[in-house]
Amino acid sequence: MTLEGRLVDWFRSNRRDLPWRRQRTPYTTWVSEIMLQQTTVDVVVPRFVAFLRRFPDIQSLASAEEEDVVAAWSGLGYYRRARGLRLGARAVVERFGGTIPSDEKDLLSLPGVGPYTAAAIRSLAFDQPAPAIDGNVARVAARLFADDGDVGKAGTRRRLRERLVPHVPEGGAAAFSEALIELGALVCRPKSARCDACPVADLCAARLTGRVATLPVRQPPRRSRPVLSARAWVERGCRVLLVQRPADASLLPGFLELPGRWGPAGENPPDVVREVLENLGFDDVRTYEPVAEARHAITHHRIRSVAVRADVVGAAPGGCRFVPWDEVDLERVTTETRKLLRSREASV
DNA sequence: GACGCGTGGCC
DNA sequence: TGGCCAAGCGT
């Protein structure tokens with residue numbers, strides 16, 4: 001049987017039951033593909049279901065407030081994706097009469113839709129012969145064709161796509177595209193390729209030349225650096241002091257957090273907290289002992305967060321405010337601060 | 001083309 | 001634990 005025939009057959013009997021496969025529409029495809037960018041399936045599944053409940057169609061998403069869409073994205077990371085999705089929905093309503101386009105150029109004109117997502121929507125939702133090359137498929141194809149180009153480079157991905165396109169079966173573009181993704185996710189794994197379970201192992205050039213373990217080629221990732229994040233824990237009655245990150249911050253714009261800043265690992269948290277509170281405009285800052293600690297990671301940074309209890313005199317200056325505990329909206333708080341709040345809660 | 005952008009899980 | 005990874009995109 002042909003390569004494509006075996007892949008599609010394998011997919012038919014091995015495909016996972018995932019919510020976006022149950023109701024395959026351009027909208028569900030779009031939302032799920034954006035959520036799945038750099039994000040694992042297990043994390044996405046519950047968030048996808050909740051998001052679809054909250055924004056069941058493109059009109060509801062287009063008319064939603066940005067902060068509500070971002071809140072629905074809470075914990076998924078890469079929040080630009082949420083803002084792009086909402087802007088994209090508005091663009092679809094305004095420019096395409098509310099119908100998600102199937103044309104590649106039209107799709108690429110939507111914010112957050114790049115080569116992968118455009119191909120995914122075209123193939124999965126419209127059955128067009130556009131194999132979607134994500135990390136999984138790049139790995140599968142690099143091994144299948146024994147291509148030793150850097151799969152992180154656009155040129156390599158283009159070449160792999162051109163090698164795959166001739167295999168797209170007539171009337172089976174969606175199954176072919178998704179089968180490649182699924183094979184990469186379930187069988188042709190980065191570390192342990194389960195070639196014994198692979199339907200195309202005997203056609204795989206990497207397998208035939210003993211290079212499965214060394215393909216695909218990719219640039220080594222950058223090293224992560226340790227960071228100390230010192231946070232102020234200021235309570236007043238049943239309220240806690242929070243600041244809102246600037247709307248134009250590149251990292252987590254608009255999110256609420258405990259006042260503080262990142263710094264080198266050697267800094268003294270109480271000193272940093274004092275400095276931060278004084279810079280906010282508070283007088284008579286007193287710091288006490290650390291009350292919560294958490295570990296977090298943001299691309300290339302390993303963060304050790306320490307919350308230091310402090311007292312201040314005077315009203316909250318602009319940009320920060322005392323929020324009643326029962327009104328702290330965890331969906332609008334950074335994950336780092338959420339971890340600190342939870343850690344404190346757990347130890348009380 | 002390199003870098004910034006989040007997070008959770010796994011070993 | 002730290003490194004590595006996961007259905008990328010925008011600049």
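Chain letters run A, B, ... following the sequence lines, proteins first, then strands; residues in each count from 1.
- In this structure, A/Ile133 atom CD1 and C/dC9 atom P are separated by 12 Å, rounded to whole Å.
- Along DNA chain C, the nucleotide nearest A/Leu110 and the nucleotide nearest A/Val41 are compared for position; the residue whose nucleotide lies closer to the 5' end is A/Val41.
- A/Arg231 contributes atom CZ, which lies 5.5 Å from atom OG1 of A/Thr337 (distance to the nearest 0.5 angstrom).
- Contact annotation for A/Trp73: no contact, since no heavy-atom pair falls under 4.0 Å across all strands.
- Regarding A/Leu85, its CG atom lies at a distance of 13 Å from the C1' atom of C/dC9, rounded to whole Å.
- To the nearest 0.5 Å, the span separating CG on A/Asp147 from CG on A/Leu160 amounts to 5.0 Å.
- Using C1' as the reference atom, B/dG6 and C/dC5 are 13 Å apart when rounded to the nearest Å.
- Nucleic acid contact class of A/Ser224 (heavy atoms, under 4.0 Å, all strands): sugar-phosphate only.
- Because its NZ or CZ atom is both nearer than 6.0 Å to the ring centre of A/Tyr288 and within 45° of the ring axis, A/Arg309 counts as a cation-pi partner of that residue.
- When side chains are defined from C-beta on, A/Phe51 counts as touching A/Met35, because their heavy atoms get closer than 4.5 Å.
- Side chains of A/His167 and A/Glu4: a donor-acceptor N/O pair is present below 3.5 angstrom, by distance only.
- Annotation: side chain of A/Ser109 is in contact with side chain of A/Arg95 (closest heavy-atom distance under 4.5 Å).
- Remark: P of C/dC4 and CZ of A/Arg189 are 16 Å apart, rounded to the nearest angstrom.
- Using a 4.0 Å heavy-atom distance criterion, A/Arg21 is classed as a base contact.
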Classify every nucleotide of nucleotides 1-11 of chain B by which part a protein heavy atom approaches to under 4.0 Å, writing B for the base, S for the sugar-phosphate alone and - for neither, in 5'-to-3' order. -SSBBBBS---

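- Contact annotation: A/Arg302 reaches the phosphate of C/dG3 (side-chain N/O to OP1 or OP2, under 4.0 Å).
- Taking atom CZ of residue A/Arg223 and atom C1' of nucleotide C/dC4, one finds them 11 Å apart after rounding to whole Å.
- Annotation: B/dG8 and C/dC9 have their P atoms spaced 22 Å apart (nearest Å).
- Within 4.0 Å (heavy atoms only), A/Ile303 reaches no atom of the nucleic acid at all.
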Could you go through the side chain to side chain contact (heavy atoms under 4.5 Å, CB included) check for A/Val227 and A/Arg302 one step at a time? CA-CA 6 Å; A/Val227 166; A/Arg302 301 188 309 276; over 6 Å; no

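- Distance CD (A/Glu182) to C1' (C/dA6): 14 Å, rounded to an integer number of Å.
- Atom CG of A/Leu36 is separated from atom P of C/dC5 by 19 Å (rounded to the nearest Å).
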